[in-house]
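See below for the structure under consideration.
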Amino acid sequence: MKTADIGFYDRVPITRDFLALSDPEQFTPVPDDWIVGVADIVDSTGEIARGRYKTVNMVGAAVISGMINALSGRVFPYVFGGDGAGFAIPKEEADVARDTLAALRSWAKTEFGIALRAALVPVSDLRAEGLDLRVARYAPSSGVDYAMFTGGGLAWAEAQMKAGRYEVPPAGSDAQPDLTGLSCRWSNSPARHGQIVSLVIQPTAQATERDFADLAQSVLSASEALERAGHPVPAAGPPMKWPPPGLALDAHVSRAGRNLAVRKAALLVQNLLIWLLFKSGKRLGDFEPGHYKNMVSRNADFRKFDDGLKMTLDCDDETLSRIARTLEDARGRGKIRYGIHSQQEAMMTCFVPAATRDDHVHFVDGASGGYAQAAAAMQG
């Protein structure tokens, strides 16, 4: 591989205009000799029915945090899907990705009894099938940017994984991925304008890129009429309570072989100090609680292009009806498949490299099934 290809993602332009990403011309082809990584939870709908969606989200986000840590912070495109994740890397990082995904599969089974599947697919293989993988970068704030994918290649890779191809086998039962920085200490954000709506929209084979671009523009224009374009997390940040609702999950994620009860006790004390700090609002060294909470909201990934369009919106009934009519019309013309799932709260899973910087990452989903339930309800 050429050195220039290793640095490909660094050269992809970053935009602050999300609506512009409905234009396929804004996306750059991923190099042919890169690798696509995909992972998701087997029977996530069953796990949700058992009340474990916060766990499902945490395991999905662990795929991204594990890869970020394994690559020592080197930037690469990734996307969070609720019950899984996808990413693209240079082929020279394939062994690192394979080891990380293998460890994640074993960890998910050991810690939570969850079956995580994973695969690594060469970009050249999906292009041989007549598909593509193109990427764009969107920055919701000055602190972070997120990858957006189009071309159908990521969805094809996921389908291959579910068919048992390109599998990454699990590692030994004691394998432990590095999940430093992964947490879920925030409480859920209640709907302020009616309901939290999870939308999953995918083009069909009959839709041209222009067809889907026009549809995405219509849906995004409708959502722009909502407060903060439907952002489900308050501008001042999500609620925080003590003890945090995700304490047990955080203990499983961060214990790294240590006694679980001891880790829970340590986190209980640690989170009490954090809660008191946020409650007082007082600066501690370089850490300013008010600024941090504001950045949590600004950095949240509540909408994304992921071989389609996914959004988590705080939405009123009128706007939802307008969006649903637009989607149903496009579905009736054979242009899209879509799913909608409504709930009363949004939830957040976070990756925080350092609390004193603004590059903390926050994955948003509906709190009662979110993207996974919307995908399960797909029509078309």
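Along the sequence shown, residues carry numbers from 1. Note that these values count all heavy atoms, side chains included, but never hydrogens, waters or copies made by symmetry.
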- Note on the structure: Result for side-chain contact (heavy atoms from CB on, under 4.5 Å) between Val38 and one of Arg117, Glu158, Lys162 points to Glu158
- Task: Using a 4.5 Å cut-off on heavy atoms from C-beta on, say whether the side chain of Tyr338 contacts that of Leu199.
- Result: no
Look at the side chain of [X] and the backbone N and O of [Y], then say whether any donor-acceptor pair between them is shorter than 3.5 Å.
X	Y	answer
Thr110	Ser173	yes
Arg127	Gly153	no
Tyr138	Thr15	no
Asp365	Met347	no
His341	Ser368	yes
Arg52	Phe112	yes
Arg258	Ser254	yes
Asp314	Ile196	no
Asp316	Thr319	yes

Do the charged groups of [X] and [Y] touch, with an N to O distance under 4.0 Å?
X	Y	result
Arg210	Asp214	yes
Arg303	Glu224	yes
Arg134	Glu209	yes
Glu167	Arg105	yes

- Query: Which is it for Asn299 and Val361 under the side chain to side chain contact (heavy atoms under 4.5 Å, CB included) test, yes or no, and what are the steps along the way?
  - Reply: CA-CA 6 Å; Asn299 287 2; Val361 171; over 6 Å; no
- Message: The test is side-chain hydrogen bond (donor to acceptor under 3.5 Å, both in side chains); show your working for Arg331 and Thr204 and say whether it passes.
- Response: CA-CA 9 Å; Arg331 186 198 68 81; Thr204 65; over 6 Å; no
Using a 6.0 Å cut-off, check whether atom [atom1] of [X] has over 12 heavy atoms from anything other than its own residue.
X	atom1	value
Gln270	CD	yes
Asp95	CG	no
Asp10	CG	yes

- Item | Verdict with reasoning, Tyr166 to Asp125, per side-chain hydrogen bond (donor to acceptor under 3.5 Å, both in side chains) | CA-CA 11 Å; Tyr166 301 99; Asp125 284 12; 2.8 Å; yes
- Write down the atom of His252, the atom of Trp107, and the distance for their closest heavy-atom approach. O-NE1, 3.9 Å
- Query: What heavy-atom pair brings Ala119 and Met161 nearest, and what distance separates the two atoms?
  - Reply: CB-CB, 3.7 Å
- Task: Apply side-chain hydrogen bond (donor to acceptor under 3.5 Å, both in side chains) to Asp211 and Thr208, showing your working.
- Result: CA-CA 5 Å; Asp211 288 335; Thr208 65; 3.1 Å; yes
- Straight-line distance of Gln195 CD to Ile340 CD1, nearest 0.5 Å: 9.5 Å
- Rounded distance [0.5 Å steps], NZ in Lys335 versus CD1 in Ile201: 16.0 Å
- Task: Measure from NZ or CZ of Arg137 to the centre of the six-membered ring of Tyr9, then state whether that distance is under 6.0 Å and the direction lies within 45° of the axis.
- Result: yes
- Message: I'd like to know whether Trp186 forms a ring pair (Phe, Tyr, Trp, His ring centres under 6.0 Å) with Phe278, so could you lay out the CA-CA distance, the side-chain angles of the two residues, the decisive distance to 0.1 Å, and finally the verdict.
- Response: CA-CA 12 Å; Trp186 299 106; Phe278 277 106; 5.5 Å; yes
- Please assess Phe80 against Tyr371 for the test ring pair (Phe, Tyr, Trp, His ring centres under 6.0 Å), listing each intermediate value before the final yes or no. CA-CA 10 Å; Phe80 171 70; Tyr371 291 134; 7.4 Å; no
